[in-house]
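Note that these values count all heavy atoms, side chains included, but never hydrogens, waters or copies made by symmetry. All residue numbers in this chain count up from 1 along the given sequence. Bear in mind the structure is a predicted one, so any value in this text is a computation, not a measurement.
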Amino acid sequence: MTCVFRRCRYRHVAAYVGSCRGALLSGHDKVPDSRWPVGLPPLRRRVSSRVTRPLKEATRENIYTVPNALCLARIAATPVLVGSLVCGRYDVCLGLFVAAGVTDLADGWVARRFPSQRSNLGSIMDPMADKLLVGSLLVTLTLYSHIPLFLTILTLGKDALMLVLGVYVRWRTLPRPVTWTGFFDPSLSTVNIQPTVVGKINMFLQLALVSATLSSLVWPACEPLAAALPPLVYTTAAVTALATLQYCKHFSFK
């Protein structure tokens, strides 16, 4: 008798869940108890209070795109820019830096103009290429006392924090079980980076500071350019600190 009663009750539960599926999908936290079997706790829809996956599930995508190639070109040009700066060829370094900025604008335009050229890998490679280029030049300029040390430390600290958070998000969003092959597979897309307004302003100021510093080395007699460097340094430092706090606040709720 007990077994028969349980089968009947669970059959009733299955029928009830099927009839209330629309109510559950409509967003109600608690379904009506009018036909719920006596003795069972009320059925509640599970609502997650934590956001652990910032994007969709992992998908395969085409990574052989023009914007990704331009990002790789900027990464490959970074040692050349640093070498020209160390050798005192400031004009060459400035010209290559301007060319790198043009490729940065070009890959963004191609990705916006042609949807087939977009990729989640590109959304990660683009800021990584910019940070690698700017960070390398900032370190080199700091070693030659052209940029204050505190700004370089602040910039590298923010980039290191973002790298650690990016690795953490990558690990959390990969399908289980996580393997080293899947973790480093660039075609397995799990994260799409959307830069904030403060982050964009920060990157623009860093690029402007490096450009102005290189220009002052190419044209040392330009007094207005030399006078504009100290305010630009402190403005860049303030926006960098603000961007760091914004990223910390964003990930503190994840």
Side-chain angles (χ1 to χ4, degrees), residues 63-111 117 119-167 170 180 183-187 191 193 195 199-200 202-220 225 229 232-233 236-237 239-240 243-244:
I63 62 175
Y64 303 103
T65 62
V66 173
N68 291 351
L70 293 176
C71 291
L72 288 176
R74 289 205 304 278
I75 294 175
T78 298
V80 181
L81 270 81
V82 173
S84 60
L85 182 59
V86 171
C87 294
R89 297 299 305 273
Y90 303 131
D91 51 348
V92 175
C93 184
L94 179 61
L96 292 177
F97 188 74
V98 172
V102 173
T103 61
D104 189 16
L105 296 176
D107 66 33
W109 180 83
V110 171
Q117 296 295 308
S119 65
N120 291 331
L121 178 63
S123 71
I124 300 174
M125 287 182 57
D126 183 49
M128 283 185 59
D130 295 338
K131 294 180 185 306
L132 180 62
L133 178 62
V134 173
S136 301
L137 292 178
L138 282 177
V139 171
T140 308
L141 291 171
T142 301
L143 291 177
Y144 288 90
S145 303
H146 297 305
I147 286 182
L149 178 61
F150 76 92
L151 177 60
T152 302
I153 293 177
L154 185 61
T155 303
L156 295 181
K158 181 182 76 71
D159 294 342
L161 176 64
M162 292 183 61
L163 178 61
V164 172
L165 294 176
V167 171
R170 171 70 170 175
W180 288 108
F183 188 89
F184 291 103
D185 187 356
S187 64
V191 177
I193 295 180
K200 291 181 179 180
N202 182 33
M203 179 54 64
F204 173 78
L205 290 175
Q206 290 178 358
L207 293 173
L209 177 61
V210 173
S211 300
T213 304
L214 292 176
S215 300
S216 66
L217 295 176
V218 176
W219 299 288
L225 187 60
L229 285 178
L232 187 57
V233 167
T236 305
V239 177
T240 302
T244 305

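Counting only residues at least two apart or on different chains, no salt bridge (Lys or Arg N to Asp or Glu O under 4.0 Å) pair has a member in residues 211-220. Applying the salt bridge (Lys or Arg N to Asp or Glu O under 4.0 Å) test to residues at least two apart or on different chains, none of the pairs has a partner in residues 134-144.
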Q: Given side chain to side chain contact (heavy atoms under 4.5 Å, CB included), test Leu72 with Asn68 step by step and report yes or no.
A: CA-CA 6 Å; Leu72 288 176; Asn68 291 351; 5.7 Å; no
Q. Going through the distances and angles, do Leu133 and Asp104 end up as a side chain to side chain contact (heavy atoms under 4.5 Å, CB included)?
A. CA-CA 11 Å; Leu133 178 62; Asp104 189 16; over 6 Å; no
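Of all heavy-atom pairs between Pro148 and Val233, the closest is CG-CG1, 3.7 Å.
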Distance-only donor-acceptor pairs under 3.5 Å for side chains of residues 79-94, two or more places apart:
{"residue": "Ser84", "atom": "OG", "partner": "Val80", "partner atom": "O", "Å": "3.2"}
{"residue": "Ser84", "atom": "OG", "partner": "Leu81", "partner atom": "O", "Å": "2.8"}

Which atom pairs, donor and acceptor, lie under 3.5 Å between side-chain atoms of residues 203-216 and protein residues at least two apart or in another chain?
{"residue": "Gln206", "atom": "NE2", "partner": "Asn202", "partner atom": "OD1", "Å": "3.4"}
{"residue": "Ser211", "atom": "OG", "partner": "Leu207", "partner atom": "O", "Å": "2.8"}
{"residue": "Thr213", "atom": "OG1", "partner": "Leu209", "partner atom": "O", "Å": "2.7"}
{"residue": "Ser215", "atom": "OG", "partner": "Ser211", "partner atom": "O", "Å": "2.7"}
{"residue": "Ser216", "atom": "OG", "partner": "Ala212", "partner atom": "O", "Å": "3.4"}
{"residue": "Ser216", "atom": "OG", "partner": "Thr213", "partner atom": "O", "Å": "2.6"}

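With sequence neighbours excluded, the residues that form a side-chain hydrogen bond (donor to acceptor under 3.5 Å, both in side chains) with Asp126 are Arg74. Every residue meeting the side-chain hydrogen bond (donor to acceptor under 3.5 Å, both in side chains) condition with Thr152, not counting sequence neighbours, appears here in chain and number order: Thr142. With sequence neighbours excluded, no residue satisfies side-chain hydrogen bond (donor to acceptor under 3.5 Å, both in side chains) with Thr140. A search for side-chain contact (heavy atoms from CB on, under 4.5 Å) contacts involving Val164 returns nothing, not counting sequence neighbours. Listed by chain and number, the residues in a side-chain contact (heavy atoms from CB on, under 4.5 Å) with Pro220 amount to none (sequence neighbours excluded). Every residue two or more places apart in sequence or in another chain was checked for a salt bridge (charged side-chain N to carboxylate O under 4.0 Å, His left out) with Lys158, and none qualifies.
Atom CG of Leu138 and atom CG of Leu156 lie 7.0 Å apart (nearest 0.5 Å).
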